Enquirer: 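Dropping a structure here in structure tokens format, bear with me for questions.
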There are 2 protein chains.
Amino acid sequence: MFFGERIRQLREEKGLLQRQLAASLEMDTPMFSKIERGERKAKRDQVFLLAKLLSVPSEELLALWLAGQVYEIVKDEKVALNAMHIAEARLKLPVKPKYKTNNG
Amino acid sequence: MFFGERIRQLREEKGLLQRQLAASLEMDTPMFSKIERGERKAKRDQVFLLAKLLSVPSEELLALWLAGQVYEIVKDEKVALNAMHIAEARLKLPVKPKYKTNNG
DNA sequence: ATTACATTGTCCAAAATTTGGCAAGTCTAT
DNA sequence: ATAGACTTGCCAAATTTTGGACAATGTAAT
């Protein structure tokens with residue numbers, strides 16, 4: 001399920017029109033349509049606003065939104081999964097402290 | 001291991017100087033230095049050229065290079081791993097055909 | 001067929017980001 | 001102090017992203 005698809009699904013469940021959500025996000029309807037179809041990407045702030053307007057946890061939409069960007073980078077690559085695993089491993093690494101502490 | 005770190009490692013193993021590789025990539029030394037330190041990102045083409053110059057499979061460098069870009073997107077996100085899993089699942093999905101075939 | 005309304009497609013200019021490169025800087029060894 | 005390798009900071013050109021106008025298309029009701 002892509003970000004835009006999910007937005008549309010939620011919007012329709014609530015019986016809202018594109019122009020209503022578009023207005024809440026202070027953009028025009030064509031723009032909102034593009035976001036739903038994945039032709040444009042929403043801004044980070046708009047993800048949170050949409051979560052509120054559509055009554056879902058912002059984490060759900062944020063994860064979909066990020067996933068979409070990640071997917072765009074690797075989608076046509078033979079080493080896609082490989083790259084993903086490397087990135088995941090890096091995420092799991094403890095953060096190296098920048099400065100020494102007394103007991104560090 | 002980050003892309004730039006790996007480049008530096010390979011370069012030093014071969015006893016090459018930044019300016020030598022920089023020349024091969026048709027960029028100046030500061031630029032190459034920035035790539036090694038991850039301050040700038042190499043272009044896709046340059047990844048393949050570097051693989052050749054450093055005698056490693058291009059897949060290895062390409063995967064590191066992609067991983068770096070993926071990592072940049074999610075690194076500070078609470079839902080990072082979540083987003084990664086969603087993107088991975090999407091990668092594993094069969095591609096939906098655009099047009100019907102006779103036996104499709 | 002006509003109206004009313006929702007959605008999608010095309011195109012352009014402003015804004016923002018990325019890029020390449022220069023000049024000057026640090027650091028190490030001599 | 002000089003030389004060589006590398007790093008840092010800054011700027012302008014180039015590219016990409018963005019917002020939005022406007023036209024085109026789709027859809028349902030009459």
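In what follows, chains are A, B, ... by sequence order, proteins preceding strands, each numbered from 1. As the structure is a prediction and not an experimental result, all values here were calculated from the model.
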Enquirer: Using whole Å, report how far CG of B/Asp28 lies from C1' of D/dC10.
Expert: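 The answer, rounded to whole Å, is 13 Å.
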Enquirer: For B/Thr29 and D/dC6, is the shortest distance between a side-chain N/O and OP1 or OP2 below 4.0 Å?
Expert: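 No, because none of the side-chain N or O atoms of B/Thr29 sits under 4.0 Å from OP1 or OP2 of D/dC6.
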Enquirer: So, do B/Ile35 and B/Ile7 sit near enough that their side-chain heavy atoms are less than 4.5 Å apart?
Expert: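 A side-chain contact under 4.5 Å is absent here.
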Enquirer: Between C1' on D/dT18 and CD on A/Gln46, what's the gap in Å once rounded to a whole number?
Expert: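 The distance from CD of A/Gln46 to C1' of D/dT18 comes to 11 Å, rounded to the nearest Å.
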Enquirer: Could you check which of C/dT7, C/dT19, D/dC6 has an atom nearest any side-chain atom of B/Arg40?
Expert: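 Shortest atom-to-atom distance from the side chain points to C/dT19.
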Enquirer: So, OP1 or OP2 of D/dC6: does either fall under 4.0 Å of a side-chain N or O from B/Arg11?
Expert: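 It does, given that an N or O in the side chain of B/Arg11 lies less than 4.0 Å from OP1 or OP2 of D/dC6.
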Enquirer: In whole angstrom, give the distance that lies between atom CE of A/Met31 and atom C1' of D/dA21.
Expert: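 Going from A/Met31 (CE) to D/dA21 (C1'), I get 10 Å.
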Enquirer: Between C/dT18 and B/Lys43, is there an OP1 or OP2 to side-chain N/O distance shorter than 4.0 Å?
Expert: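 B/Lys43 to C/dT18 OP1/OP2: no side-chain N or O under 4.0 Å.
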Enquirer: Check whether any side-chain heavy atom of A/Met1 sits under 4.5 Å from a side-chain heavy atom of B/Ile86, and report yes or no.
Expert: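 No, side chains not in contact.
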Enquirer: When you get a sec, tell me which of C/dG20, C/dT7, D/dG19 is the closest nucleotide to the side chain of A/Leu17?
Expert: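 Closest nucleotide among those given: C/dT7.
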Enquirer: For A/Phe32, does the six-membered ring have the charged nitrogen or CZ of A/Arg19 within the cation-pi criterion, i.e. under 6.0 angstrom from the centroid and within 45° of the normal?
Expert: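 That pair does not qualify as a cation-pi contact.
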Enquirer: When you measure from the side-chain N and O atoms of A/Gln18 to the phosphate of C/dC5, is any distance below 4.0 Å, counting only OP1 and OP2?
Expert: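 No, outside the criterion.
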Enquirer: For B/Glu26 and C/dG20, what is the distance between atoms CD and C1' respectively, to the nearest whole Å?
Expert: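 My rounded result for the distance is 13 Å.
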Enquirer: How many whole angstroms separate atom CZ of B/Phe32 from atom P of D/dT8?
Expert: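 About 15 Å, once rounded to whole Å.
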Enquirer: Among C/dA6, C/dC22, C/dG9, which nucleotide has an atom closest to any side-chain atom of A/Arg19?
Expert: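 In terms of side-chain proximity for A/Arg19, the closest of C/dA6, C/dC22, C/dG9 is C/dA6.
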Enquirer: Starting from P on D/dG4, measure out to CD on B/Gln20 and report it in whole angstrom.
Expert: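 One finds 14 Å between P of D/dG4 and CD of B/Gln20, rounded.
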Enquirer: Around B/Glu26, counting heavy atoms of other residues, nucleotides and ligands shown, do more than 12 lie under 6.0 Å from its CD?
Expert: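 Check fails, neighbour count at 12 or below.
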Enquirer: When the distance from CD of B/Glu39 to P of C/dG21 is rounded to whole Å, what number comes out?
Expert: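 Rounded to the whole Å, the gap is 16 Å.
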Enquirer: In whole Å, I'd like the distance from the CD1 atom of A/Ile35 to the C1' atom of D/dT18.
Expert: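 After rounding, the gap between these two atoms is 11 Å.
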Enquirer: Could you check which of C/dT8, C/dG21, D/dC6 has an atom nearest any side-chain atom of B/Ser33?
Expert: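 Among C/dT8, C/dG21, D/dC6, the one nearest the side chain of B/Ser33 is D/dC6.
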Enquirer: Between the base of C/dT10 and the side chain of A/Lys34, is there a donor and acceptor pair under 3.5 angstrom?
Expert: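 It does, because a donor-acceptor pair links the side chain of A/Lys34 to the base of C/dT10 below 3.5 Å.
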Enquirer: So which heavy atom on B/Ala83 is nearest to which on A/Leu66, and how close?
Expert: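 So the two residues come closest at CB-CB, 3.7 Å.
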Enquirer: Under 4.0 Å, heavy atoms only, any strand: does A/Arg37 hit a base, just the sugar-phosphate, or nothing?
Expert: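 Touches sugar-phosphate only.
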